[in-house]
Every structure is written in C-alpha cells, then in structure tokens.
Amino acid sequence: MSSYRLSTGGQIDRARSIKFSFDGKALTGHPGDTLASALLANGIQLVGRSFKYHRPRGILTAGAAEPNALVTTGTGGRTEANTRATMIELHDELNARSQNRWPSLAFDIGAVNGLLSPFLSAGFYYKTFMWPAGFWEKVYEPLIRKAAGLGKASYEADPDSYEKCWAHCDLLVIGAGPAGLAAALTAGRAGARVLLADEGFAFGGSLLTDGDARLSAMLAEFEALPNVQCLPRTTVIGWYDDNVFGAVERVQKHVAEPDPRQPVERLWRIIAKQAILASGAEERPLVFGGNDIPGVMMAGAMRSYLNRQAVAPGKRVAVFTTNNAGYRTAADLEAAGIEVAAIVDPRSEGEPGWNGKAKVLTNSCIVDALGGKAVSGVSIAGASGVQRLEADAVAMSGGWSPVIHLACHRGAKPVWSDTHAAFLAPERQEGLLLAGSAAGLWSIEACLNDGARKAAEALEAIGFAKVEPAFAEGDTAQRAATPFWFAKGSKGKAFVDYQNDVNLKDLGLAVREGYGDVELAKRYTTNGMATDQGKLSNINAIGILAEARGVSPAEVGTTTFRPFYTPVSFGALTGVSRGKHFQPVRKSPLHDWASKNGATFVETGLWYRAAWFPRAGETTWRDSVDREVLNIRQNAGLCDVSTLGKIEIFGKDAATFLDRVYCNGFAKLAVGKARYGIMLREDGMIYDDGTTSRFSDDHFFMTTTTALAAGVLTHLEFCAQTLWPELQVHFASSTDQWAQMAVAGPKSRAILSEIVEEDISDLAFPFMSARTVSLFGGKLEGRLFRISFSGELAYELGVPAGYGEYVADAIMQAGQKHGICAYGAEALGVMRIEKGHVTHAEINGTVTPGDLGCGRMVSATKPDFIGKAMLAREGMQAPDRPRLVGVKPLDPKARFRTGSHILSDGAAATLENDQGYVTSSCFSPNLGHTIGLALIKNGPERIGEKVMIWNGLRNEFTDGVICSPVFIDPENEKLHA
Amino acid sequence: MASLITCPHCGQRPKEEFTIKGDAGLTRPAPDADADVWYDYVYLRDNPKGLHKEYWHHSSGCRRWLIVERDTVTHKVHSVADAALAELGGAA
Amino acid sequence: MRYSALSVFLNGLRGNKGWAPAWRQPQPKPHYDVIIVGGGGHGLSTAYYLAKTFGITNVAVLEKGYLGSGNIGRNTTIIRSNYLLPGNNPFYELSMKLWEGLEQDFNFNAMVSQRGVLNLFHSDAQRDAYTRRGNAMRLHGVDAELLDRKAVQAKLPFLDYDNARFPIMGGLLQPRGGTVRHDAVAWGYARGADSRGVDIITHCEVTGIRRENGRVVGVETTKGFIGCGKLALAAAGNSTVVADMAGLRLPIESHVLQAFVSEGLKPFIDCVVTFGAGHFYVSQSDKGGLVFGGDIDGYNSYAQRGNLATVEHVAEAGVAMIPSLTRVRYLRTWGGIMDMSMDGSPIIDRTPIDNLYLNAGWCYGGFKATPASGYCYAHLIARNEPHETATQMRLDRFARGYQMDEKGVGAQPNLH
Amino acid sequence: MPDLPTSKPALAGKAPLQGVQFAVEALPEGHLLQLMGPTTLDELRALFDTFGLGGSVIRAAGFRQWYVMGEAPLEPAALRGIAGALPRGVFLSDQSHGRVRIRVSGPRAAQVLARGTAVDLHGSQFPAGAAAMTLFGHIPVHLSRTGEAEFELTVLRSFAEALFGELEPFAA
C-alpha cells in the first residue's frame, strides 16, 4: 500500500468518479485513469502472478508492452483474458480479476515453484518427465497443462458485434506523439488525405507526460482539417505488402454497456500511399535481482502515472538509470513532493545539470531490490562496496529501444547502432518513413522537427508540390547512449522476460548448452514469447547473449518481428462474418415455392436446396423420399434445379472452343439439340460434367454441377483468354437469370403440354432436344430441354427467375390430376443412383472417363482437347484402375453405407486387399433394397462376383455382389417414351 | 504481391478479389508434342526465387485473366497485364 | 550426456553449471559419405536414422540458417495418420509409431501428446468421404472413430451447434493423433545424430552442386567446397532452388502457409479439431496458447510471412466453429515455406542423377512425417531402394500417371 | 391463378429503409442486359437510343462488358430486336432477372460501403458516374455512384437477400 493519488495535479477529471472492481473489491477512479493508474491510486501494487514461478508482480509499464499486469475483464460472453491493465481505459462497472493464481492473488500455492526453481531451469522439461514411459501423457502432461496458461477464456458466445472496413489515404501516421502530430499537421495543411492513429485514448504521447502546452493548439487545428481523420484507441497491428496496414480500433471497449448499433472493435485495412511510423521508443528495464518485485517500475511509466494521473508510486523512490530519463523522473517526483532516495547511475559522469535534491551515485548500480510483495529497499553496489537504502519504489531506465516492429514486418532486419545502443529500423523502405523516437531521436523538439520534415518528404514522393514542414528545424544534437545489460553480483533472480520468468541464469544456460543463437535461445528459454512478444525483454536478452558469447549485439542480431504488433482479437478479424453470417446465403428463385410446399432445406455450398418435402404422417426423411421416388417413376414430380451452373457461350468460335474443352465432340451439335459433355482437367482426370445445348450457330448454353458452377466458368475463361485468345468467344453466367425446373416422370409430357404452346411429343421434341418455348399462350417465354437425370421421361424448363414461382405453381396445378409431387435433392439422388448416373461423389478428381464407363465418349478423332495428352499415360489406362460398377447386398434386407470399402470374398481386412469403395448408396424403393455405386479395381470385369462390403468404422459387414451400375431401365425405354 | 493488385481494367484491388492459378511462363504444347513435353508442361515448375510470372484471375471483378509479374521474395509486383491482350499484342 | 530426472536434480543442486552442449559445432571435413542439405526436421531425422539404424555415421547435415530454422520451427505441431490412399496411409502410420516411441528412443522429451485429432463434417458428402477415409485407416489397423453430432457435442460442447451457417453433423476422430513440441523434435534428432558422429554444420549455405562424369562429387558452400559420396536433399521450401543447382526441375512450387498462436489460456480445448466448412484447425499447446492455422496464401513465395486476408479467413472460420473465440487474441503469426507438390503427396526417391537423392513435396504433411521421412529416406540412401512404406512416393509417378492425389484436385499445388 | 404470369421480385417484401444518415432501397426489376464484345459506350448509347431506351443507363462492367439497365421490363421480341441490331461480334445476354439493383444513399453511404469494398470511394477517385465490379464483403457486386451520396449495387439475384440483409442494419 505505498502508491497513492496526489491531492492535486494530473489530467484526470476529479469531479467525476468511476466505480470499478478488482478481485471483487469495489474501488473508484476518475476519467483519465487507466485501470493500472486507478489500481495504483488505490494503493494496489500486487496485480498478477508470473507464468512459471508465480512470483508476485506489479505494474511495470504504462503502455502496450506491459508483461505483468494482465487481468481478466468482463463477465459471461464478454469475458476477456490477458488484458493489459495499462491499456484499459477506466470505465464504470469495469470488473477486473487477477489471473494465474490459486487460491488467491496474495496467497498463491503455485509460488512453491519458485522454491523448486533450481530444477526448473530453462528447458528442464526436455530432459525429464520421460520415465516411466507412458507417465508423460498420463501424469506429467496433464499436470503441466493444468498449470499452464494465464487467463481463462469463456465458452459463452459474445453478445457484442465487430466490423471491418477499408480506408485509403495519402499518408498514414502511426502514433500521435510529437513526431506523429507534427507529421499529420504538416500533411493536413498541405491538403493530403491523412489518417492519424494512436493506440491510446488521448493523443499527445510524451507531450501528455510532459504536460506540454503546445498540445491543445495542435489538437484544435485538427478539428479544422476535415482531410485529417483522427483514430484514437487504434493500434496499427501490421504492415503488409503494397503498403497495406491493419489496424484495430477499440470502438467501445471503454464503456460499461456497448451501444448495439456500433461494434466493440473495428478492423481497419488501410491502403496508404505513404506512411510515417512515429511509434516512439520503449524504455528498457534493467536486469538486477528482484527487478520484478511490485513497486519496481519503468522510470517513464512512473513519470507518466505521476504527471497524467497524479499517482505517486511511493513515498521514497530509488532511481536506477543509465540515461537522462531517470533524472527527469526524479525531478518530477521531487516536484510532486516525493522523496527520491538516490539516483543510481552506472555511468561514471552521471547526467550533467542535475540540480535536484537527491544524491547521485555514479559508477553504481542496484544489484538487488529487496522485499516480497512490495519493495522495501535496494542494495546498491558501487566503488565503495554494497550499501542498502530504504525505498518503497524503484524507477528504472536502461535506455530506449525505438519501436520499429512495424518497419520490420515485411522481412527487413533491424540494424544495431552503437551510438543509440539500440536496434534501429533498416534504411529506407518504400512507402514507409520513421520519425521521432522511433527513428532514435529523444528530445521533443527533435521529434517535432523530424515528424514535420518526414511528412513533407513523404508527400513530395507522391507528387505533392513542395510541402512546408509545420515545425522548424531545431537542434537535434543528442548524447550517445550507454548500454548496460545486467548488474553483476545480484543475489535474487534477475528477470529478463518477466511474464515467462526467464532470468539471467536461463540465458547463460542456453549459451552453455549450445542454444546461444538468438533464435534458439528464444525457443529454448521462451524469452520473448510472452504476450508482449519481447518488447521489453528482447534487447536485454540480446545484450546478455552478446556478453556471454563475447560478441557484439549486432552479431547476435534479433529474432524476427512479425505481425501483430500487439495481440488482436478473433472478433476484430472476423467482423460481421459470424454465426449464420459466416458465409452469405444464396437462395434459388424457387426457394419460396419449395418453402410453401413444405420443403426441408439443406446447405449445398452457399445455397439452400430443398432436400425433401415431408407430408403429414411421414415420420422419417426416408418415408418422404421413398414416396417421392415411387411417385415420380409412377406419375411425375417437379424439382428445383436452379442451382446448377448455367453459362451462356457466345461467339463465332464457340463451337470450336467447346470442342476443345470437352473430351467429346461438340462442333457438330445441331441447333436445337443438347448433349451430355465431360470436361477433363489437363491431367486427364474428369473435372465436371453437364449438358450443353445449342440455340444458334454462335450461342450455346452450358450447364454445370452446382458445386463447380464458379470453377467451370473460371476454367472456361482461362482457356479462352490464356490458351486460345484468338478464338472469338464470350461467356455470361446466367445461373441466376433462370428458374430451372426438372419435370420428370411418365406424366411429365402431359403436364407440360398444358402450359407449353409448342408440340413436345416424342417425335417433335425427342430426347436431347432444346428450344425456346412459349408458355401460357404466348404470355411468357422459356427454354425447354428434354434431358433426364432420373432416367424417366423428363424435361427441364427454364423461365426468367422472377416468374419461377408462378410457373412452378402452374405446373403443380396442371399436374395435380396427374399425381405430381414436389421432390428434392434426396429423391433426385436416389433416382440417379438407380440409373447409374454419376455426380461429384464419383467424379472425385481421380477418375477418368474410362473409369466411369464413358471411355468411348472420349473423342479419338479430335486433334486436341484439354486432358487428351495426359489421359494417354500408362497409369491412366491401367486395367486395374478402380472403375464404376454397382453393388447390392446378397440379402435384400441387408444394408450398407457410402464410404464402405470392398474386399474380395473371404479376403483378410487389410489395406493391401482393398478393392475399392462405395461412392454412393441409397435405399431403392423401386427395388426394395439398398443399392450402391462403387469404384472397384477391374470392376466391370467382375460383375456377379461376391464381395464383402466392409464398414469397420461402424462394425457393419455386408455380403454383397458386384453388378451393373444401371439398376433401372437399362434399355432406356422410359427415357425415350 | 500479397495485398493488392492493380488490375489493368479495374484499378487497385485487394487479393480477396482474385484467384491465383500459378505459373504463367508455361506454354501449352502442340497436341502432338512428345509425352515428356506434356509432362513438363503439366507437372514441372521453375518455381523461381525472385521474379515470377503468375496467372491471376480477377474473379470478383472484371473476370479477366491477368499475368502478374511478382518477386517471390519481396512480393513486389513489377507488372500486371491482361493475358489475352498481351498474347494478341493489344488487340483482342 | 544422458538426460534423466537424476541429472536434472543433481545439476539443479550445482547451479546448472554441469550441462554440456546438446551438440557440437564442428567445422566441415573435406569429405563425407553422405551430405544432407537441410538441417530441419527431415534432414536431422535422416541423419539420425542413417547413423543409428543403418550404421552410416560419416554424415554432414548442412543448414543455411540456425538449426531447425525451417518448417520444423514454424508449423502447428500436429501429428496424425488419417490418410486415405494406400501410398500414403502406411507411411504416415509408420511415422505415428515412431512418434510414439520417440522420447525413449532419443532421450529427449519432445512432449508427444496424443489427445486426438477430430475432423468435423457438415454435410452428407463430407460424412461419406470421412467414412471412406476412416475405413481405409481401419483396414491398415489405424485407429479411427466416426462420431455423430451428439458424440461431438459431448466432447466439445462449446462448438457452434445451434446458430451455425453450416451445422456440425459429426466428425472423424483419430484418438492417437495429437501434437508434439516441434522445436524439441529438431533438437532431439540433432543431439542424437551428433552423439553418433554426424556433423551438423549450421549457417552453411549450399551455393552449388559440383558434378563430375554425371555424378555428384560435392557441394559448394559458404564454408567452402565439401565432397560427398551421396548427396541427399531435404530442403523443403527451397527444394527447387537446390535441385536447380543440379539442373533438375521438380514438380513442386513453394507456397507460404501461415500459422498462429493465441495468448496463453488456461486449458480451453483438449484435442486437435479441424473445421469442415472452412479452413481452420486448432489445438492447445502445453504452454496454454491456442495453436491454429488455415489454408496457404495461394501464391508462390519464399518469404516467411503471409497476408492479412488469409489471417481474416482463418479468424472467420475459427469463430464459425467456436463462437466464443471472438475475445481470444492472436499473439503471434508466422509463415513457413511449403514444398507443395503437384498431387499433394511427397517424393522420397532417387533422381536421374545417380547419387543424388530427393526428399521433398511435403505440402502440409511435413511435420507429422518427420520420423518416417527420415527413416525411409535413410533406408533409401543406405540401401538404394525404397522402404516398403514409401514405394509409391516416386518422382516418376507424374510422368507415368500414378499420382497420389488425396484431395483429387489435380496438378495445381495451391489447391492441395 | 391469375391470368397473366407474374414476376416476383427477389426482394419482394423488402420495404425501402430510410435511416437518418443512410437509406437502402431495392430498385424495380426492369431490364438489365449484359453486352459483351468489341464496341464502345457511345456506340451502345446510340443503339439503345434508337430502340427508345434513352432512359436506360449504360455502365461499364469490366473489359468490353457493359450493363444496360432501366426500370421497364423488355419483352423477348424487343430483346431479339436489340440482339439482332448489335454490331458484329457483340453479344447480349439478358440478365434482367439474374441481377438485382439496390440503391444506397445518405451522408453515410460511402462509409457503409467502405465496410465491404476496397474500392476507394473518395469523391476524387470515384465520382458520380463511376462504376466498378468488386466484392462487398463476401458478395460480388457491380457498384456505381449515381450522385454525391448515392450509389447503386447490382448483385446476383441469389445473393440479393443476403446483401440487403447486410445493409439493412445501417439504415436503422
């Protein structure tokens, strides 16, 4: 309880209180607080437990890199684990809980791991838990899994919404600190389209920490620049090819009850002509014993809490610094009336110009912070030996690392700078400039100048006339930085990666065991793999590895910086595509017709298709399907086949073109005729099948399967545009133009004759005819095809989609006296299996026309068609390829299922003995038993052979016999009736 | 590229609007070419590390097949052309 | 040195000062019996089995980056043997059996964790395809169970059953499937190979293949020329680049596949689950992160990074399967370069050049194949004939018309 | 059954929605013709004028493709007449029922559309009269700007309901 709120100062609204809770305790804060600042203001410094040793942890930073202060917020479907307290804008009803502790934060049993730490060194688990064999999975691993992880995610569905959008700009400015603000102002004044994004809720960056008076004027100017769009609470998460940036805006994460009309988070995909990365610099922790005890804090964070939220870290603060940041913090602490116990500086000369009260101990370092759940003092090693000082907080600053992650997202490697004792972004990359502290500048003046200058440069690169920087060039001289990687002689654990409990010794061990490469050390010790992705730890780890290996940090190099800059929710990346809206729904023009006839629908790709039409008294889907099938074969039925792909093909070379894309001939197809066609891939396998009709010399109409409608059109376009661009041929998808109805059954002609004007007798309109017809006495025009998938006398009638429902109703009405029924995809499936017609259950991408018994369709005379050459290969013509046959059970009462394999009678059930499998099966109500189609080695030569239909997966073993795939009307008498 | 393609007919569009087929450096052999020429065409690839020409289909745009010349290491796009027009020298 | 509970304990008492390097960092010798190009999972396991099983120890593994810096270090750690075709299924089952004894075999805990792999299905057609696959597995003695919707719901109650665009109908479960700590596999094999005399030479890039009289005599590298009796490629995404040095064109394209891990969570999901109505699969690591992935980005790439659109597709499919994922966060994304073959299946074969061997074309199957790939490749290199489970992984299968196309999409790598 | 065959619009029952900043409305299903081949906008304009279709708009829809759209349905005979009068090598596919037009308007229209399409809708880049084939979310659309704050989306009939459903909430 040593941190507290000062009675005056800060940028909080003291007039208003915010009620929130932490671990069930009711607390209050003010607008302008983060959860972290509010906890500190309430004297709460112990906020979490570390991953491995369950060490008590406090708040270390004031920003996105926070490794310790992770909490779970929200309840039910709004539960959010691992949220950084430093980034949560305080709001009413905020319910935060600490994580990874049991039974309580203050008393955590897991802390016993700390006592075992000598045996839990880096990578210890690779060396043990192996005996006795089998104990790993049964004993060790379950225990490890239970202990692992940080927060607990909810299984409840999220009540809030998310969205995504696109944005375009001339200049994207990332970070609204001094450099970013100066850049955005410069570009805004020049009239450019500017996006200015900052992860915080308030713009200003270090201007806020400093309370710089210029900030309000700058913000006011943006109000008057409509071409500058400001995006607070927006983290740019990744830099992608072609200067596309991803960003996440936390639209409503700071409100108690989100407005349902707005998303809680929005993903921005920003197409930027130019971008300026002004993301500032991250202060580095110092590595010394006990550097994780609550109360030890980054100097800059301490100063930010002090100046922005008027939170004092304690009553007596020790400062440990390698640069002027510690002195600035000390000065502000003293100005706020807080005692600074000492400024400990490893440099011999300290910082010139210090005129505060605190004594400066140069050539010294803190070797240990003392205390358990709070800091009680520090041990300082200097020239004169070790001394102890009382202190209840420690501010530390190990120097600054420019935040260059985004600049390295596209593969460029950071470059070590001895002067900055830091890695800088690589030189010039197209479309992206770095400005301010991100480019290694430390003073506000230098950052303002740099931001303005870079904006002018960026705009000039994209054709803007000379742009005037909003800030004048100033003095940018700065002192070289002094690296300091770790304090020697620490007694306590000196942490490098706080969250993952990687300490100095772990890195030493990694080097000793041969894992000294920076990438291996990361993987072996888990340094840099915590939720902050090494933002705080990586540079120190590199420095430590460099010392251990006796090389420079430049030689050690960095691990790869990858998106995302900070973790991103699935929700933001998903947007509106959730639940029923995961994919859009496609609806047939006959959907309502099917619906009012009682259809049960099934998803087929994006479509909903009528599967069957249950009637009163039918208790199972089979009842309905059997009834539909029998009725069609007896009378007639009407089925919606609108989802089949339909492509109009135009052009003087259309016939030539079709001849090349189908393996069978099309050039000589007569006008008014339809033909079944098989399309191969270039590798000789069947791609798709369908019928194509000719309406005039230069107009064909192709149908495809539902599944490949889009694929076939793309394939045709590929052939036409890249293989044979000299052919005149055009395509128009007309799938959606036509409501297409299959009318099948012996009565179908009688029914259709009632609405079709033309003579459709067998003589006038024989099998495989296609023509435009006149309906209802000339009031409507449609396209009629005499084709059949069911094996019955059948037609397909197409009418403009809007008329579909009217025409379907009319057919049903006309068919009533003939006993017509509506039927769905299931009955269609049964009838096609009865007839031995194939679908994509058989055309599975590994069959040739020969495999399906269509070998004779493949033109032997055409000089060329897609797939011709590859079809000739030995393996494609091998006699023992699986080929299409029928299978049926020996005992008509026995059943079998699709996906069963075929074994020779009496053969052992092994993969070597596998003869093929059942591609499709159904109960045939006409035959009274199950039937199936199968691909079986040498199938057609084995008709009559007894086989085992083997379904070990369900323990179903059916004696069967190989038969012809055509179960009904092999002579096609019904078809030609 | 990985993010944007500038379609010669439609302008700059995101990857999501396109479907990628692959190597555009291949020439479909004559129908009577040797089996090994066909095997080469259908199955073998240069798969270069560096500049590479690929067929991209603007499937959710103008539905034209494009030849995109791209660097497979940097993902930088060097050129985009309409495949048919490129083949026919600009006159379809 | 042998690892044991005792060695961990004793070293702990001594401040962990006694551990020796897991492997040496040797300088290359002028000549080796076998040089393996690629110090990833397959190259290291090949070296391990060459030394351990086939007694060939004068072997060098050349790696251009750090050890295990290829796909062994950037995958989603899944192991399974739920393959359909007879050319693949026994091979992957051999791999599974080797995984099951791996820790004891190489005295390194790679955390093989068989918590099950469940493939969901959402339509009759998918159910039928999984029935076919499950039966093929059963025929080879591989464990496979077909779960109905109720059984899936009992196992994973938090998937979307009620509000889904594509409702879950059931799933095909391989109980022995699971995950392995991927880096540890590389380290375990490296340590095992090194201790048997194999030289693992990292940061050594092969820049040329020297041939004399039609035979390979050695390789030019960034560390100079190194001679060899046999040259074995195991270069994954860089296979075509290396093969090109020997004038060989391959039926392979390099594509980037992204993978992802979430922030650490308390136990959330116990098995590996794949979504059947989109590209998404997920498991949870021993550390608590959800490890997940989707489809390849679709274009040829040698950059180990992907695009945002694919990341979004993965998120959409993930949330479609597990609605409560919306508040879970992606922590890290990365990309691996997949050697995508023309039929989706691998190649372990000799090449037209007598003493040049090829191991490539692993597509998505590379990690799970690591032990069997190494074993079968070592067998081929040592005996000049394929192992009995890898007889169909021939390079000439495309020319002869014997593709092994599990997905049935043909000669377009980005569709496999 | 009524005497005359009746056409049921894809978005039948979808009343226009007028929000404060955004409105969405299904346009009447009149004619929508897809023209393809080597011709020009001017040539097509002149041709359609001769058929008394001066009121129809003609919009580019990709390379050598145009949509001719208007509110009046066209009889098959009229279509045949137009098809017959087309320049050599130019073809017509009737899409009057295959595609549905939806108008969106209001001060927020461009912002709402930016949720779905990556086309830059800034007035300087996509002025009135501009048209593009693009994606809106997962749905392919033909997008055109008809005014400063007014756009038209032409969508495949089967997707019309899904697209309308995506736009509806913004007009609340």
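A note on names: the letters A, B, ... follow the listed sequences, proteins ahead of strands, and every chain is numbered from 1.
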Just give me the residue among [options] that pairs up with chain A most often, heavy atom to heavy atom, under 4.5 Å.
| options | answer |
| --- | --- |
| D:G37, D:S124, D:G165 | D:G37 |
| D:K8, D:R99, D:E75 | D:K8 |
| D:A114, D:A10, D:A160, D:A162 | D:A114 |
| D:E161, D:Q34, D:H122, D:E29 | D:H122 |
| D:L92, D:D94, D:I139, D:L32 | D:D94 |
| D:A12, D:A118, D:P76, D:G137 | D:A118 |

Which atoms of [X] come close to chain D, meaning under 4.5 Å heavy atom to heavy atom: side chain ones, backbone ones, both, or neither?
| X | answer |
| --- | --- |
| A:F582 | backbone |
| A:W268 | neither |
| A:S734 | both |
| A:L606 | side chain |
| A:S577 | side chain |

- [ ] Look at A:D698 together with A:K652 and state whether they make a salt bridge at an N to O cut-off of under 4.0 Å.
- [x] no
What part of [X] is in contact with chain A, defined as an atom under 4.5 angstrom from a non-hydrogen atom: side chain, backbone, both or neither?
| X | result |
| --- | --- |
| D:L163 | neither |
| D:Q111 | neither |
| D:V90 | neither |

TODO: Kindly say whether the aromatic ring centers of A:F776 and A:Y803 come within a distance under 6.0 Å.
DONE: no
Given 3.5 Å as the limit, does a donor-acceptor pair link the side chain of [X] with the main chain of [Y], or not?
| X | Y | result |
| --- | --- | --- |
| D:T117 | D:L113 | no |
| D:R145 | D:F126 | yes |
| D:H97 | A:G802 | yes |
| D:R45 | D:G54 | yes |
| A:R578 | A:H581 | no |
| A:K646 | A:S642 | yes |

Task: chain D contacts, top residue of A:P800, A:G804, A:A167 (heavy-atom pairs, under 4.5 Å) - done: A:P800
TODO: Just give me the residue among A:E648, A:H591, A:E805 that pairs up with chain D most often, heavy atom to heavy atom, under 4.5 Å.
DONE: A:E805
TODO: State, without any angle test, whether A:E163 and A:S161 hold a side-chain donor-acceptor pair at a distance under 3.5 Å.
DONE: no
- [ ] Give a yes/no verdict on a cation-pi contact between A:R783 and A:F701, requiring under 6.0 Å between NZ or CZ and the six-membered ring centre and an angle within 45° of the axis.
- [x] yes
